[in-house]
Amino acid sequence: MEAGSGYNSVPPSTSFDKSRVLDVKPLRSLKPVFPSASETPPFVCGPPNGPFPSGFTPFYPFSVPKGSPMQMPMGPIPTPLRAFRSTQSPESSRAFDGDDGPSMEMDGSADGYFDGQKRGAPLRGSSSSQRKTPKNRDTKSSLSYAARKGSGTVFVGDISQVDRDDGNRELVNRVLMRFDALRRRLSQMEDAKELSNGIIKRADLKAGNLSMSKGIRTNMRRKIGAVSGVEIGDIFFFRIELCVVGLHAPSMSGIDYLIVRDALDQEPVAVSIVSSAEYGDVEDGDILIYSGQGGNFGKKDKQATDQKLERGNLALERSFRRGNEIRVVRGIKDAVNPSSKVYVYDGLYKIQESWTERKSGCNIFKYKFVRMPGQPVAFAAWKSIQKWKEGFSSRVGLILPDLTSGAENIPVSLVNDVDGEKGPAHFIYFPSLKYSKSFDLTQPSFGCNCRNACQPGDPDCSCIRKNEGDFPYTSNGVLVGRKPLIHECGPTCPCFPNCKNRVSQSGLKAHLEVFKTTDRGWGLRSWDPIRAGTFICEYAGEVIDKVKGKQGGEEVENDEYVFDTTRVYNSFKWNYEPGLLEEESSNDSEEEYKIPSPLVISAKNMGNVARFMNHSCSPNVFWQPVLYEHNNQSFLHIAFFAIRHIPPMTELTYDYGIARSNEAEGNSTLNRKKKCLCGSSNCHGYFG
DNA sequence: GCACGATCAACGTC
DNA sequence: CGACGTTGATCGTG
């Protein structure tokens, strides 16, 4: 290991005056540099000679030739990949995401397209899973599940049989959240080797098995075409996740099919495929050349044979003849975590050609898949992002390649492709907390004695003991569960800077961009996919002293860039359900989390990317107090983690909460609150 | 109904 | 980092 490799190092102390370096020049000052904006939609203000390399030294693009915006031969307009809503069921519309701002134009055509498909779908599948389905269902009663009454993100109560058969957006998200909470807990137990009866390898399969057997699943009714509640652009990190939401049933096989019975005949028809470029599948935009299954290709001690026209291969052949739609999931190597794979649902395709080729002297089947028109971009957007990163093309509307001026270990782009505004108001980029004077937390500060890296399950590590014996993160740095407080190792711990218990100190993990929204000012989103539980950033800024809060009260109230732990937040459930594992009953209730100590942070004058995150009543990010000591005192930090998997270019949002004074005074101060534009179905209408 | 086998997995380890 | 071995789940088939 490279000790002290910059990547995972502890953030600079406040005494090291990096802030001078980090002083982002007033972004407003960019305004005179550019020609005054016209109303015309996005034009490029990237550098004249293409994009910046990744290690690029930040400067302002003064040399942009006026009046000659570069027109990029770009493919898709970058829109949130989640923006698409399927219309299979009325519940599915925007149940979760309030992050589909600038892509409304997609919805209309897509809706029409799928409505047509729905009506036109001629085939009825049959499978064993349908046998248990009662024929007459009381849809009225069973469609209203407990969660709908409460706040949308709560996942209490079981999933009814009807909901298991056919999903919707909210259900799909709920199933995925419960699955992943379980998987993270199993990973944690495996890391600590604390499970007595056998080791849990493959926590994903174990969690998948539990989910499936306990009925935490949906879309069991298998069908041709779109799956209710799964939207184009949705991402997954395990094959088994495709199973629990009913997108693709086989846990390993790449071809899913069902048997369609006509009057006398029956034949297999393909419903979905999973492609992985490593298997020689040719992937290019809306075309996919897919290889058949079987033949023992790529297997070591097996002789390659001709592929046979049976099972999946036969199903694909029949689907080619029938011309039915097939769901396509693209497996992509994860750039952030190269050992794992990301699966992107890329919508519906049809097979246009089928032929055989010779490989190693044997026949293999090939199928040419063509994407149905009118669907929002998904995989194609990934390819665009890849080109931005590699420097082959420039992000449309790029204003700055790195607005942090190098303060973060990964650049943060500043982008506006909706209007002429050249940047947010002036602020100083500072990646952590700044205390005006020393703050006391009652906890004495002491570190652990671990030498290299703290080991999960080590009873001697005091940092782990402070976390009630559980290592808070899995081995790949994903947060296992919410807690009132998470204790990370600090500067005086002798363990290495890349100790796994320093997740929130190790800087940004994903390439983020600050972008102009259509109606909510500036927002934050990511070029990289983010898996649930991933640390995104902390809330940086100046810590406001509560004592002088009275005099500074007015100031804070008018400060739009303030984070305040004492606000009222919607409770939500994110952790695993202890009942699913045969453990001692846990009294860990996420409902009543107490804030360990009040913390108010203002990012008005200085702050990091977190100050750009907008509010949503159905957020995809939550905050979590984290403690680590510093200069022999314990300091509280606010770390943001992903609630669920977040596809690239989806806006990151969290719950701003409601100020207590507002709450107490009731309606009289409603006008002090801000009208909420999150657009989610359970939007409260206002916040602040 | 039950067991079995084929299958474009995900890890850890070497 | 890539090949290999281990563990492993699902659904259709027999």
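All of these numbers come straight from a predicted model, not from anything done at the bench.
At a threshold of 4.0 angstrom between heavy atoms, the contacts of Gly312(A) with the nucleic acid are absent. Base contact: Tyr290(A) has a heavy atom under 4.0 Å from a base atom.
Side-chain contact check for Trp527(A) versus Ile410(A): every heavy-atom pair is 4.5 Å or farther apart.
Computed from coordinates, the Arg311(A) CZ to dG5(B) P distance equals 12 Å when rounded to whole Å. Spacing between atom CZ of Phe365(A) and atom P of dC8(B) amounts to 14 Å, rounded to whole angstrom units. Nucleotide dC8(B) holds its P atom 12 Å from the CG atom of Asp256(A), rounded to whole Å. The separation between Ile332(A) atom CD1 and dA10(B) atom P is 13 Å, rounded to whole Å. With rounding to whole Å, Arg202(A) atom CZ is found 17 Å from dG5(C) atom P. The distance between atom CG of Leu186(A) and atom P of dA9(C), rounded to the nearest whole Å, is 12 Å. Note: CD1 (Ile255(A)) to C1' (dG12(C)) measures 14 Å, nearest angstrom. Taking atom CD on Gln266(A) and atom C1' on dT13(C), their separation rounds to 12 Å, with Å as the unit.
At dC8(B), none of the side-chain N or O atoms of Tyr367(A) fall inside 4.0 Å of OP1 or OP2 (strictly under the cut-off). In this structure, Arg217(A) does not reach the dT10(C) phosphate: none of its side-chain N or O atoms is under 4.0 Å from OP1 or OP2. For Gln293(A) and dC8(B), the shortest distance from a side-chain N or O to OP1 or OP2 is below 4.0 Å.
By the salt bridge (Lys or Arg N to Asp or Glu O under 4.0 Å) test, Asp204(A) is found to be paired with Arg202(A), residues two or more places apart in sequence or in another chain being considered. Annotation: ring-ring contact (aromatic ring centres under 6.0 Å, His included) contacts of Phe365(A) (sequence neighbours excluded): none. Contacts of Lys308(A) classified as side-chain contact (heavy atoms from CB on, under 4.5 Å), with partners at least two apart in sequence or in another chain: Glu310(A). The ring-ring contact (aromatic ring centres under 6.0 Å, His included) search around Phe237(A) returns His645(A), not counting sequence neighbours. Judged as a side-chain contact (heavy atoms from CB on, under 4.5 Å), and not counting sequence neighbours, the contacts of Glu353(A) are Trp355(A), Lys368(A). Contacts of Ala639(A) classified as side-chain contact (heavy atoms from CB on, under 4.5 Å), with partners at least two apart in sequence or in another chain: Ser504(A), Phe535(A), Val626(A), Phe641(A). By the side-chain contact (heavy atoms from CB on, under 4.5 Å) test, Ser340(A) pairs with Asp334(A), Asn337(A), Arg531(A), sequence neighbours left out.
Between dA10(B), dT10(C), dA6(B), one nucleotide has an atom nearer to the side chain of Lys341(A) than all others, and that is dA10(B). For Tyr257(A), counting side-chain heavy atoms from C-beta on, the closest listed nucleotide (dG12(C), dA9(C), dA10(B)) is dG12(C). Comparing dC8(B), dC11(C), dA9(B) against the side chain of Ser276(A) picks out dC8(B) as the nearest.
Remark: side-chain polar atoms of Gln624(A) are paired, donor with acceptor, to backbone N or O of Lys483(A) under 3.5 angstrom. In terms of modelled atom types and a separation under 3.5 Å, the side chain of Asp346(A) and the main chain of Phe379(A) share a donor-acceptor contact.
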Quiz prompt | Dot-bracket encoding per residue of DNA chain B, Watson-Crick/G-U cut-off under 3.5 Å, | denoting interstrand | solution = .||||||.||||||
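Residue-to-nucleotide contacts include no donor-acceptor pair under 3.5 Å from the side chain of Arg239(A) to the base of dA10(B).
Shown for residues 240-252 of chain A: residues whose heavy atoms fall under 4.0 angstrom of DNA chain C, namely Ala249(A), Ser251(A), Met252(A).
Projected onto DNA chain B by closest heavy-atom contact, Ser340(A) and Ser253(A) fall at different nucleotides, the more 5' of which corresponds to Ser253(A).
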